[in-house]
Q: 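This is the structure, below, for whatever I ask next.
Bear in mind the structure is a predicted one, so any value in this text is a computation, not a measurement.
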Amino acid sequence: MASPNRNARTAVVLGRLLGVAFLVCFATGVYSYFLQQPLPWMRFPTRPAQLYQFTQGVHITAGIAIIPLLLAKLNTVMPALVQTPPVRGPLHLLERLSIAVFVASAIVQVTTGLLNTYQWYPWPFPFKQVHNALAYVLIGSLVLHIGVKLRLISRYWRKRDSYDEHGRFVVDPAAGSELLSPSQEARVDPATSAPAPQAVASYPRGITGRVLRWVDGVPAVPAVPAVPADAAETRPGGPDSASTTRAASAEPSLGVPQDGAAEASRASRATPEATDGRRERIARRGFFAGVTAATVGVVALTAGQSSTLAEPFNVFGARQRHRGPNDLPVNRTARAAGVLATATAADWSLTVVGHDVVRTFSRAELVALGTAEAELPISCVEGWSQMATWKGVRMRDLLGAVQAAPGSHVRVTSLERHGGYRIMDMGPEYAEDPTTLVALELNGATLDLDHGFPARIIAPGRPGVLQTKWIEKIEVIA
């Protein structure tokens, strides 16, 4: 528990990184949620077309980076988490409860988020709603935690105020840190408090005492054997013997004082403070090097599922780009959706419903309306994304065929009979965009069944779950 890494400065540094990562995840997560569950007055940008590809890629990457940072922070504050007694009063109880909420919500949030990237849901609650609600709990408890620890954070915010000239952590009891070992409690910052007397603790003898001193970080005090005052008198010859004469003759001559030689000898050796500082610096650098390597490693080995630059290093990503039918990964297959028969039926048609006009189109009739081509990404909430070339009928042309007014809201229904995204609503900013298509082809070939054959939706800047596959109806709702 007495590791030199377990101090307030380390906790502040890791806390800053975690705070930034949590805020990035919160902002991008809220954006993703409202794209899927918009309020009536909300409108979203359709340019750049890769906007959601960027925000969700950042969301997942930052969430994965949180995992090693959170483990490092928990390791740093472990002595405070397991302190005894665990509660020292009503205010301390409230502080401990807020920290418990923060730690628990952070662990649950990153764990469920990570499993979501693999589409594995071993829990009985709906992921999307709980993940969204827990995000507000997490940010609220984070703000409360910062408020409670603000004095400590400001005290150790800067490195130069946290370590002395030897590199040792500066202990400031007034800051209220709970991460002080007995040896640190005995070392007080002289600029902020009067020197404290050396802490004296009672330790048992033998191996048990040595282990306890090592755990507490208290250096062992070497025993100096006492020499009886009359020891010289017990020697043969007494104090006036020849041995005394030889000792006297061994003293330095030529006028060089003995004290000067001792001082020179001591100056050539490192002081205990310098030695302790060097050890603490080595421990800190090793600890942060490990945390940095772990964070960079997990990011580099998963970011390739959404980043072209990191694609060659995608070892742990849930999806590999360019692998799948039409050179594109698949999240939900036609078999899993239960549309194998209906999507391949010879009499399939797309129904487009306006306020006063209803029309049906076979796939050949859709092609006859005229097709357009667009370069748009498929960007999934699980974090993977890929640019692709889509070809199909513009949504605004289909709406024009049923005399829909400009600015219409649209509802799209899939052939699926179950699932939370079987029905999708689309705002006018997407319905009127010239790159929003009822796609019939993908990457130069007929749309594969698993990618939504006979027709699907593709629009700029939207999550993949809203790019409805196997569509059967489009209706104007407002």
Q: If you round to the nearest 0.5 Å, how far is CG of Leu144 from CG of Leu97?
A: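 Taking CG in Leu97 and CG in Leu144, the distance rounds to 10.5 Å.
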Q: Under 3.5 Å, is there a donor-acceptor pair between the Arg6 and Asn75 side chains?
A: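 Note: Arg6 and Asn75 side chains meet the donor-acceptor criterion.
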Q: For the atom pair CZ (Arg456) and CG (Leu437), what is the distance rounded to the nearest 0.5 Å?
A: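 The CG atom of Leu437 is 11.0 Å from CZ of Arg456, to the nearest 0.5 Å.
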Q: Between Asp425 and His409, is any pair of side-chain heavy atoms under 4.5 Å apart?
A: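 In short, these two side chains do not touch, never coming nearer than 4.5 Å.
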Q: For the rings on Tyr156 and Phe169, is their centre-to-centre separation under 6.0 Å?
A: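 They qualify: ring centres under 6.0 Å apart.
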Q: Apply side-chain contact (heavy atoms from CB on, under 4.5 Å) to residues Leu442 and Leu328 and explain how you reach the verdict.
A: CA-CA 9 Å; Leu442 171 58; Leu328 193 71; 3.8 Å; yes
Q: Between Ser105 and Ser141, is the side-chain contact (heavy atoms from CB on, under 4.5 Å) condition met? List the steps.
A: CA-CA 9 Å; Ser105 59; Ser141 59; 4.1 Å; yes
Q: Return the set of residues passing ring-ring contact (aromatic ring centres under 6.0 Å, His included) with Trp157 (not counting sequence neighbours), or none when no residue passes.
A: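 Residues passing ring-ring contact (aromatic ring centres under 6.0 Å, His included) with Trp157: none at all.
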Q: For Leu23 and Val20, what are the C-alpha separation, side-chain angles and deciding distance, and is it a side-chain contact (heavy atoms from CB on, under 4.5 Å)?
A: CA-CA 5 Å; Leu23 289 175; Val20 171; 5.9 Å; no
Q: Once side chain to side chain contact (heavy atoms under 4.5 Å, CB included) is applied, do any residues pair with Glu432, and if so which ones, sequence neighbours excluded?
A: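 Glu432: side chain to side chain contact (heavy atoms under 4.5 Å, CB included) contacts with Pro406.
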Q: Is there a donor-acceptor pair under 3.5 Å between the side chain of Ser177 and the backbone N or O of Leu179?
A: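 Yes.
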Q: Quick one: salt bridge (Lys or Arg N to Asp or Glu O under 4.0 Å) partners of Arg417, sequence neighbours excluded?
A: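 Counting only residues at least two positions away or on another chain, Arg417 forms a salt bridge (Lys or Arg N to Asp or Glu O under 4.0 Å) with Glu472.
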Q: Is it the case that more than 12 heavy atoms not belonging to Phe313 sit under 6.0 Å from its CZ atom?
A: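 Result for CZ/Phe313: open.
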Q: If you round to the nearest 0.5 Å, how far is CD of Glu429 from CZ of Arg43?
A: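 One gets 5.5 Å once the value is rounded to the nearest 0.5 Å.
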Q: So, does His59 use its side chain to make a donor-acceptor pair with the main chain of Cys25 at under 3.5 Å?
A: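 Yes, because the side chain of His59 sits within donor-acceptor range (under 3.5 Å) of the backbone of Cys25.
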Q: Is the backbone of Ser307 close enough, under 3.5 Å, to the side chain of Glu311 for a donor and an acceptor to pair up by distance?
A: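 No; zero donor-acceptor contacts below 3.5 Å.
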Q: List the steps and the verdict of side-chain hydrogen bond (donor to acceptor under 3.5 Å, both in side chains) for Tyr430 and Thr46.
A: CA-CA 7 Å; Tyr430 296 108; Thr46 61; over 6 Å; no
Q: Measure the CG-CD1 distance between Leu399 and Ile474 for me, rounded to the nearest 0.5 Å.
A: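 Going from the CG atom of Leu399 to the CD1 atom of Ile474 covers 7.0 Å.
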Q: Are Thr117 and Arg319 side-chain neighbours, meaning at least one heavy-atom pair lies under 4.5 Å?
A: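 SC-SC contact between Thr117 and Arg319 ruled out.
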Q: If you draw a 6.0 Å radius around CH2 in Trp123, do more than 12 non-hydrogen atoms from other residues or ligands fall strictly inside?
A: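 Count over threshold, so yes.
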Q: Checking side-chain hydrogen bond (donor to acceptor under 3.5 Å, both in side chains) for the pair Glu382/Asn331: CA distance, chi angles, key distance, verdict?
A: CA-CA 9 Å; Glu382 294 83 11; Asn331 252 17; 2.8 Å; yes
Q: Under a 3.5 Å distance rule, please check whether Ser408 uses its side chain to pair with a backbone N or O of Ala404 as donor and acceptor.
A: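 No: the side chain of Ser408 does not pair with the backbone of Ala404.
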Q: Answer yes or no: is there a side-chain heavy-atom contact under 4.5 Å between Ile99 and Leu81?
A: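 They are in contact (side-chain heavy atoms under 4.5 Å apart), so the answer is yes.
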Q: So, Tyr421 and Thr468: side-chain donor and acceptor under 3.5 Å apart, yes or no?
A: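 There is no such pair between these side chains.
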Q: Enumerate the side-chain hydrogen bond (donor to acceptor under 3.5 Å, both in side chains) contacts for residues 387-397, please, sequence neighbours excluded, ordered by first and then second residue.
A: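 Found Glu375-Thr389.
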Q: For Arg151, which residues count as a salt bridge (Lys or Arg N to Asp or Glu O under 4.0 Å) partner, sequence neighbours excluded?
A: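 Arg151 satisfies salt bridge (Lys or Arg N to Asp or Glu O under 4.0 Å) with no residue once adjacent residues are dropped.
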Q: Would you find a donor on one side and an acceptor on the other, under 3.5 Å apart, between the side chain of Gln37 and the backbone of Gln129?
A: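 Answer holds: no.
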Q: Atom CZ of Arg462 and atom CG of Leu51: how far apart are they, to the nearest 0.5 Å?
A: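 If I round to the nearest 0.5 Å, the distance is 12.5 Å.
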Q: Who passes side chain to side chain contact (heavy atoms under 4.5 Å, CB included) against Gln83, sequence neighbours left out?
A: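 Gln83 satisfies side chain to side chain contact (heavy atoms under 4.5 Å, CB included) with Ala80, Arg88, His92, Arg96, Glu178 only.
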Q: Tell me which donor-acceptor pairs under 3.5 Å the side chains of residues 287-298 have, and how far apart each pair is, sequence neighbours excluded?
A:
unit_1, atom_1, unit_2, atom_2, d
Thr292, OG1, Phe288, O, 2.7
Thr295, OG1, Val291, O, 2.8

Q: Hey, does the side chain of Gln56 reach the backbone of Gln53 with a donor-acceptor pair shorter than 3.5 angstrom?
A: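 It does not hold such a pair.
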Q: Got a sec: does the CZ of Arg335 have more than 12 other heavy atoms crowding it under 6.0 Å?
A: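 No, the 6.0 Å shell around CZ holds no more than 12 heavy atoms from other groups.
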Q: Has the side chain of Thr111 got a donor or acceptor atom that lies under 3.5 Å from a matching backbone atom of Val108?
A: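 No: the side chain of Thr111 does not pair with the backbone of Val108.
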Q: Before giving the answer on side-chain contact (heavy atoms from CB on, under 4.5 Å), spell out for Leu115 and Tyr121 the whole-Å C-alpha distance, their side-chain angles and the decisive distance to 0.1 Å.
A: CA-CA 7 Å; Leu115 295 182; Tyr121 308 100; over 6 Å; no
Q: For Arg281, give me all partners under side chain to side chain contact (heavy atoms under 4.5 Å, CB included), at least two apart in sequence or on another chain.
A: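 Partners of Arg281 under the side chain to side chain contact (heavy atoms under 4.5 Å, CB included) test: Arg278, Arg284, Arg285.
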Q: Does Gln119 offer a backbone N or O that forms a donor-acceptor pair with the side chain of Asn116 under 3.5 Å?
A: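 Side chain of Asn116 to backbone of Gln119: no pair is present.
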Q: Within the supplied structure, the quantity of interest is the number of heavy atoms (other residues, nucleotides, ligands) at a distance under 6.0 Å from Lys128 NZ; does it exceed 12?
A: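 Yes, NZ of Lys128 has more than 12 neighbouring heavy atoms, counting only those of other groups under 6.0 Å.
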Q: Taking only residues two or more places apart in sequence, or in another chain, which ones meet Glu475 in a salt bridge (Lys or Arg N to Asp or Glu O under 4.0 Å)?
A: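 Testing Glu475 for salt bridge (Lys or Arg N to Asp or Glu O under 4.0 Å), a comparison that skips the adjacent residues, returns none.
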Q: As a test of understanding, state which of Arg332, Arg422, Lys469 forms a salt bridge (Lys or Arg N to Asp or Glu O under 4.0 Å) with Glu416.
A: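 So, applying the salt bridge (Lys or Arg N to Asp or Glu O under 4.0 Å) to Glu416 and each of Arg332, Arg422, Lys469, only Arg332 qualifies.
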Q: How are the rings of Phe102 and Phe22 set to each other: parallel, tilted or perpendicular (split at 30° and 60°)?
A: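 Perpendicular.
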Q: Report the distance from atom CH2 of Trp470 to atom OG of Ser414, rounding to the nearest 0.5 Å.
A: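 These two atoms lie 6.5 Å from each other.
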Q: Looking at Asp161, is its backbone amide N or carbonyl O close enough to the side chain of Arg155 to form a donor-acceptor pair, meaning the two atoms are under 3.5 Å apart?
A: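 It does hold such a pair.
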Q: For the OH atom on Tyr163, are there more than 12 heavy atoms of other groups (residues, nucleotides or ligands in this structure) within a distance under 6.0 Å?
A: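 Result for OH/Tyr163: enclosed.
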Q: Is the CZ atom of Arg279 crowded by more than 12 outside heavy atoms at less than 6.0 Å?
A: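 Counting neighbours around CZ of Arg279, 12 or fewer heavy atoms of other residues, nucleotides or ligands fall under 6.0 Å, so no.
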Q: Cut-off 3.5 Å, no hydrogens considered: what does the side-chain donor-acceptor table look like for residues 343-355, sequence neighbours left out?
A:
unit_1, atom_1, unit_2, atom_2, d
Thr344, OG1, Leu340, O, 2.6
Thr344, OG1, Ala341, O, 3.3
Trp348, NE1, Ile471, O, 3.2

Q: Sorted by first residue and then second, give each side-chain hydrogen bond (donor to acceptor under 3.5 Å, both in side chains) pair with at least one member in residues 435-453; sequence neighbours left out.
A: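 Qualifying pairs, neighbours excluded: Asp433-Thr435.
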Q: Only counting residues at least two apart or in another chain, list the ones meeting side chain to side chain contact (heavy atoms under 4.5 Å, CB included) with Phe26.
A: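 In terms of side chain to side chain contact (heavy atoms under 4.5 Å, CB included), with neighbours along the sequence ignored, Phe26 is linked to Val30, Ala135, Tyr136, Ile139.
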Q: Answer yes or no: is there a side-chain heavy-atom contact under 4.5 Å between Ile146 and Ile153?
A: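 A side-chain contact exists here, since the closest heavy-atom pair is under 4.5 Å.
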Q: Check whether any side-chain N or O of Gln386 sits under 3.5 Å from a backbone N or O of Pro329 as a donor-acceptor pair, and report yes or no.
A: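 Flag not set: sc Gln386 to bb Pro329 has no pair under 3.5 Å.
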